[in-house]
Protein chains: 2
Amino acid sequence: MRKVDPEKHAAKRRLILDAAIACFARKGFHGTSTAEICAEAGMSPGNLFHYFPTKHTIIAAIVEEERQETAEIFRKLGEAEDLFAALLGFMDTVLELAGDPTYSSLALEIAAEAMRDERIGTLAAANDAELQGALAALLRGAASRNQIDRTVDAAGAARWIAAIIDGIFSRVAVDPGFKPKDEGAMLRLLLTRFLRPQG
Amino acid sequence: MRKVDPEKHAAKRRLILDAAIACFARKGFHGTSTAEICAEAGMSPGNLFHYFPTKHTIIAAIVEEERQETAEIFRKLGEAEDLFAALLGFMDTVLELAGDPTYSSLALEIAAEAMRDERIGTLAAANDAELQGALAALLRGAASRNQIDRTVDAAGAARWIAAIIDGIFSRVAVDPGFKPKDEGAMLRLLLTRFLRPQG
DNA sequence: TCATTATTAGACCGAACACTCTAATTTCGT
DNA sequence: ACGAAATTAGAGTGTTCGGTCTAATAATGA
């Protein structure tokens with residue numbers, strides 16, 4: 001009786017996912033063929049479809065992976081002392097991610113696909129809810145320590161910070177002069193003025 | 001000798017463009033077939049391709065049309081007395097546009113396509129440059145009248161306002177709880193705190 | 001070793017794609 | 001009314017798509 005080796009199986013899936021991410025970032029979900037993913041991953045279609053039954057499940061797996069990554073980032077953030085500084089730190093990592101065109105492309109692609117495909121839309125909404133929840137918790141903590149303005153609604157502000165994050169990824173696509181690395185100062189100014197306790 | 005009637009010609013093009021916009025918003029540029037556009041416009045492929053030689057030219061025409069629309073909005077805005085109020089008014093119309101899912105879909109689709117297709121990327125960058133230029137001019141005017149903080153760099157702030165605009169359209173895709181109509185107050189708060197003269 | 005199951009390759013499939021072609025019809029200056 | 005140009009229809013083109021199938025090979029427990 002042979003059994004599946006879960007480690008090898010997972011490694012193969014990751015290989016396919018990485019290949020797919022590279023292709024999708026270059027050409028979009030509907031612009032890349034499964035054959036291209038096969039070529040990038042160095043395997044035959046028979047092999048690829050052994051690990052993912054349809055192209056859609058590959059896309060869904062990528063969106064799901066995205067969620068785990070942001071959750072991971074927040075896990076490290078919650079323990080900070082100055083929670084407003086933690087927020088600014090998080091936004092710095094967002095700018096760093098935006099510096100990677102693959103990541104920006106993928107973020108935009110997912111948002112666009114969310115409007116077309118309800119299944120992806122649901123996944124993306126779940127990711128976003130998690131992000132907003134984490135941001136709101138951070139803001140509530142900061143407010144209770146008087147690190148930010150207590151009169152601002154945390155959930156509402158979290159929503160707009162999420163909008164700014166989305167906006168950063170769109171910038172990369174549409175504004176060739178936008179260099180994420182150079183924008184940290186202005187972003188901090190914006191957030192500080194928006195959130196700091198009003199004198 | 002018969003000549004082309006430019007009015008009829010333009011009307012036919014607009015009919016096709018409107019049909020294409022409806023399809024693209026539903027299924028994306030690469031997800032809709034030319035046959036679908038034909039069906040939506042109620043014409044044969046022979047007819048459609050008489051007016052647009054390729055699918056790509058249809059997409060490009062739509063992006064170009066987008067530019068003219070934003071230019072038109074700004075034309076009405078420049079004459080205002082209170083330029084910061086004019087900016088807030090512009091952002092209200094953005095929220096209004098974001099309430100139309102067709103418009104939001106299209107905006108996201110264009111951004112995503114800009115990362116993939118260099119020709120669309122160039123067009124989108126031109127649109128964005130025009131938007132940022134108009135915003136920066138507005139901000140400079142407001143600064144010179146002390147309606148906003150004079151120490152903030154106009155071009156830099158314009159870039160981040162553009163990011164927020166992009167973010168609004170992404171919100172619609174990814175956050176089912178985001179109702180553009182209800183977000184005016186928080187957006188005004190954000191912009192006011194960011195830009196108003198610091199005491 | 002051997003039976004069994006996991007894994008792999010790649011030829012292959014029907015459907016759908018963007019677009020072309022030919023021919024018919026409409027339009028309008030004369 | 002006539003003829004040339006503009007417009008239209010829709011069947012047809014070669015290609016590419018996502019995905020299947022068959023069969024060969026590799027790995028493992030007994």
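Order of the sequence lines sets the chain letters (A, B, ...), proteins ahead of strands, with each chain counted from 1.
- With rounding to whole Å, A:Phe52 atom CZ is found 16 Å from D:dG19 atom C1'.
- Taking only side-chain nitrogens and oxygens, A:His50 comes nearer than 4.0 Å to OP1 or OP2 of C:dT7.
- Between B:Ile37 atom CD1 and C:dA16 atom P there is a gap of 17 Å when expressed in whole angstrom units.
- Straight-line distance from the CG atom of A:Leu15 to the P atom of C:dT7: 14 Å, rounded to whole Å.
- Between A:Glu36 and A:Arg26 there is no salt bridge, since no side-chain nitrogen of the basic residue lies less than 4.0 Å from a carboxylate oxygen of the acidic one.
- Between A:Ser33 and D:dT16 there is no side-chain polar atom (N or O) within less than 4.0 angstrom of OP1 or OP2.
- Contact check on B:Asp175 versus A:Arg159 returns a salt bridge, with a Lys/Arg side-chain nitrogen under 4.0 Å from an Asp/Glu carboxylate oxygen.
- Nearest heavy-atom pair across A:Ala112 and A:Arg116 is CB-NH2, 3.3 Å.
- Nucleotide D:dA9 holds its C1' atom 14 Å from the CD1 atom of B:Ile16, rounded to whole Å.
- Closest approach of A:Phe194 and B:Leu189 over heavy atoms only: CE1-CD2, 4.1 Å.
- Looking at which nucleotide of DNA chain D each of B:Ser44 and A:Gly46 is closest to, the 5′-most match is held by B:Ser44.
- Taking for each of B:Lys12 and B:Pro45 the nucleotide of DNA chain D with the nearest heavy atom, the 5'-most of the two is the partner of B:Lys12.
- Contact of the B:Pro45 side chain with the B:Thr34 side chain is not registered, since no non-hydrogen atoms from C-beta on lie closer than 4.5 Å.
- Between the NZ atom of B:Lys27 and the C1' atom of C:dA16 there is a distance of 12 Å, given to the nearest Å.
- Atom NE2 of B:His30 and atom P of C:dC19 are 11 Å apart (whole Å).
- The side chain of B:Asn47 contributes no N or O atom lying less than 4.0 Å from OP1 or OP2 of D:dT7.
- Atom-to-atom, NZ of B:Lys8 to C1' of D:dA5 comes out at 14 Å; the value is rounded to the nearest Å.
- Atom CG in B:Leu48 sits roughly 14 Å away from atom C1' in C:dC17 (whole-Å rounding).
- Side-chain proximity of A:Lys55 to the nucleotides D:dG18, C:dT8, C:dC19 is greatest for D:dG18.
- The phosphate of C:dA18 has OP1 or OP2 within less than 4.0 Å of a side-chain N or O from B:Thr34.
- Closest approach to the A:Tyr51 side chain among C:dC19, D:dG18, C:dT8 is made by C:dT8 (side chain taken as heavy atoms from C-beta onward).
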